[in-house]
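Structure, as structure tokens:
Order of the sequence lines sets the chain letters (A, B, ...), proteins ahead of strands, with each chain counted from 1.
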Amino acid sequence: MYDRTLPEDIVQSAKTVGIIVDEMLNPESPKLLLNYNKIVGIKETKGLTIEGEELENGVMGDIIVEDGVKIKEPVHLCFGVTPSEGVQEIIPRFIVGDDAEVSFLAHCSFPNAIKFTHKMEGEMIIGKNSKLFYEERHYHGKNSGAKVYPVFEVHVGPKSKFISLFSLTHGTVGTVNINMDIYAHQEAKVEIETKAYGKNKKDRVEIRDAVFLEGKDSKSIIKMRAAATNGGVVLMKGITEANAPGATGHVDCKEIVQGFGSIVAAIPIVRVTDDHARVTHEAAVGRVSQKELDTLMARGLTEDEAVDMIIRGIM
Amino acid sequence: MLLNVDNITIMPDDSDKTITKNVTFSMEEEEVHALIGPNGSGKSSIAYAIMGLKAYLPAQGKIIFKGKDITYASITERAKMGITLAWQEPVRFEGITIAEYLEIVAKNREESAKVLKLVNLDANKYLDRKCDNTLSGGERKRVEIAAAVAMNPKLLMLDEPDAGLDIIAYGELSSMLKKIKEETGASILIITHREETGGIADYASLMWDGQVIASGEFKEIMERYCLMARGEKKCMIEPCPKISFKARKQSV
Ligand SMILES: Nc1ncnc2c1ncn2[C@@H]1O[C@H](COP(=O)(O)OP(=O)(O)O)[C@@H](O)[C@H]1O
Ligand SMILES: [Mg+2]
């Protein structure tokens with residue numbers, strides 16, 4: 001039932017979220033592409049090892065970047081499922097050695113989800129003086145029928161940098177619950193940007209991004225953008241805990257809400273246990289004004305399309 | 001007949017405040033019509049009623065566009081029929097580029113570049129800039145006119161098109177409007193309190209204190225406007241100075 005090609009629906013949804021599909025499918029570009037529990041595309045490059053094991057409901061895999069290896073092109077990851085029902089479990093481990101650099105562009109697509117669950121249990125271990133950039137874009141179809149539960153634990157080694165971008169702003173959401181714990185070692189830098197947009201009352205997002213600044217002079221920035229319309233619920237917590245001298249963090253949260261019954265909260269939570277550490281935060285509420293809506297409708301957009309365009313702009 | 005505004009009275013948001021009373025005027029296809037009158041006389045409110053803004057839906061009267069009663073049609077429906085408005089004070093859009101804003105209606109970058117040229121903005125410089133408060137008032141105003149023109153509208157309403165444009169731009173405005181007219185073939189409703197701005201109009205309606213008190217050929221109406229303003233013809237040549245129109249009303 002699941003063949004070893006990437007289904008057309010998934011390729012299309014990759015386009016929807018702005019992924020350059022030709023680049024993803026190019027046989028030369030490094031990648032790990034999954035269709036449910038089948039590995040349908042795998043390409044390693046020098047210093048990059050990708051190993052996967054197919055499980056009953058998903059795939060377990062190791063992605064390893066060796067010491068001193070800097071991979072220029074993004075490594076494409078695609079976790080796609082086309083059936084409307086079922087469960088997919090992905091257990092990836094990312095290991096980046098010392099003095100290495102890599103960026104991942106992950107695309108999680110469940111275009112037909114009606115009663116579908118995706119679980120991810122990810123681990124990232126970054127060595128010394130390295131850089132890992134991880135971007136994940138989701139597409140959950142039009143039915144709000146996906147339940148998505150990713151959990152990540154990330155260790156950012158001394159003088160290394162971890163950047164994470166997560167966005168769920170196209171299509172519906174369904175139920176999403178994300179938990180990310182990031183531990184920053186000495187002089188490590190962490191930058192997290194998380195955006196989610198719930199568009200109807202079946203959309204419910206809860207995201208908890210937590211950074212623990214454990215090493216001396218470690219730094220972090222968390223940026224969260226939560227939007228809800230037409231009864232959607234989006235709850236975000238940006239947690240930063242500073243436990244070492246010289247550690248500094250910042251949490252920047254913005255909420256945008258529109259329409260009856262919509263709920264958003266993007267809350268910075270800050271704990272400082274060291275006298276020589278500092279964490280700052282800001283929170284703002286973005287609004288969609290009637291005049292903005294009127295302006296876009298006077299160009300022929302419907303009210304929903306206008307709200308969508310304005311919210312995406314603010315995010 | 002393209003547009004027939006028939007006896008409309010506007011009481012915004014169901015307040016008991018009447019801001020325009022029994023307004024009637026009409027426009028033919030390809031006509032350039034100036035809606036002239038002092039600040040606060042109700043010109044923008046009339047444009048909002050024609051565009052279909054909820055707060056300004058008429059409490060009484062009808063708006064007929066191309067033979068169809070659109071008095072209670074939605075903004076989107078009207079836009080799809082070819083009605084649009086370039087606002088007096090356009091809003092800023094955080095995070096939306098000028099290209100994205102124009103491409104709501106323009107087919108592609110090339111077409112967006114074309115409409116920017118009509119309003120004398122260099123596409124290379126502007127397309128990728130944000131349509132937010134990094135633009136000056138004049139730049140934002142030009143983008144707004146370009147976005148309205150990009151729709152290829154049947155009825156283009158320009159609310160105070162010179163507001164926010166700098167002095168050098170004044171001379172530019174009438175040639176800009178002429179070009180827009182040639183390119184789109186649209187009927188244009190120019191809303192203004194200045195004579196120079198209405199200059200390319202064939203016809204005009206004069207608004208005074210919430211009412212259209214006269215409609216006719218632009219020149220005649222302009223004469224009337226100036227007489228009402230000063231009781232003399234001098235301001236036909238010079239811009240009308242700011243004086244209290246209301247106070248003079250009795251003497252006309
Ligand atoms: N939504 C509103 N609620 C109450 N009064 C309004 C509203 N909109 C406009 N007005 C008032 O109606 C009058 C006409 O306004 P407007 O149509 O903007 O005039 P103009 O464009 O000719 O300067 C003004 O006195 C203005 O304050
Ligand atoms: Mg006005």
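In this structure, no portion of Glu77(B) lies under 4.5 Å from any heavy atom of chain A. Ala150(B) does not touch chain A: none of its heavy atoms, backbone or side chain, sits under 4.5 Å away. In this structure, the portion of Lys54(B) lying under 4.5 Å from any heavy atom of chain A is its side chain and not its backbone.
Atom CZ of Arg287(A) has 12 or fewer heavy atoms from other residues, nucleotides or ligands within 6.0 Å. Within 6.0 Å of NZ in Lys142(A) there are 12 or fewer heavy atoms belonging to other residues, nucleotides or ligands. Other residues, nucleotides and ligands contribute at most 12 non-hydrogen atoms within 6.0 Å of the NZ atom of Lys62(B). In the displayed structure, Lys130(B) atom NZ is contacted under 6.0 Å by at most 12 heavy atoms of other residues, nucleotides or ligands. The neighbour count for Glu282(A) CD, taken as heavy atoms of other residues, nucleotides or ligands under 6.0 Å away, is above 12. Other residues, nucleotides and ligands contribute at most 12 non-hydrogen atoms within 6.0 Å of the NZ atom of Lys154(B). Enclosure of atom CD in Glu89(B) is not indicated, since only 12 or fewer non-hydrogen atoms of other residues, nucleotides or ligands lie within 6.0 angstrom.
Taking the charged nitrogens against the carboxylate oxygens, Arg225(A) and Glu94(B) have no contact shorter than 4.0 Å, which rules out a salt bridge.
For the options Glu303(A), Met297(A), Arg299(A), heavy-atom pairs under 4.5 Å to chain B are most numerous at Arg299(A). In terms of heavy-atom pairs under 4.5 angstrom with chain B, the leader among Ile314(A), Leu301(A), Leu293(A) is Leu301(A).
Between Gly300(A) and Ala79(B) the shortest heavy-atom distance is N-CB, 3.4 Å.
Contact annotation: the side chain of Ile104(B) approaches that of Met309(A) to within less than 4.5 Å [non-hydrogen atoms, C-beta and beyond].
For the atom pair OH of Tyr48(B) and NZ of Lys291(A), the computed distance is 5.5 Å after rounding to the nearest 0.5 Å.
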*Check step by step if side chain to side chain contact (heavy atoms under 4.5 Å, CB included) holds for Glu144(B) and Thr295(A).*
CA-CA 10 Å; Glu144(B) 189 60 18; Thr295(A) 301; 3.9 Å; yes

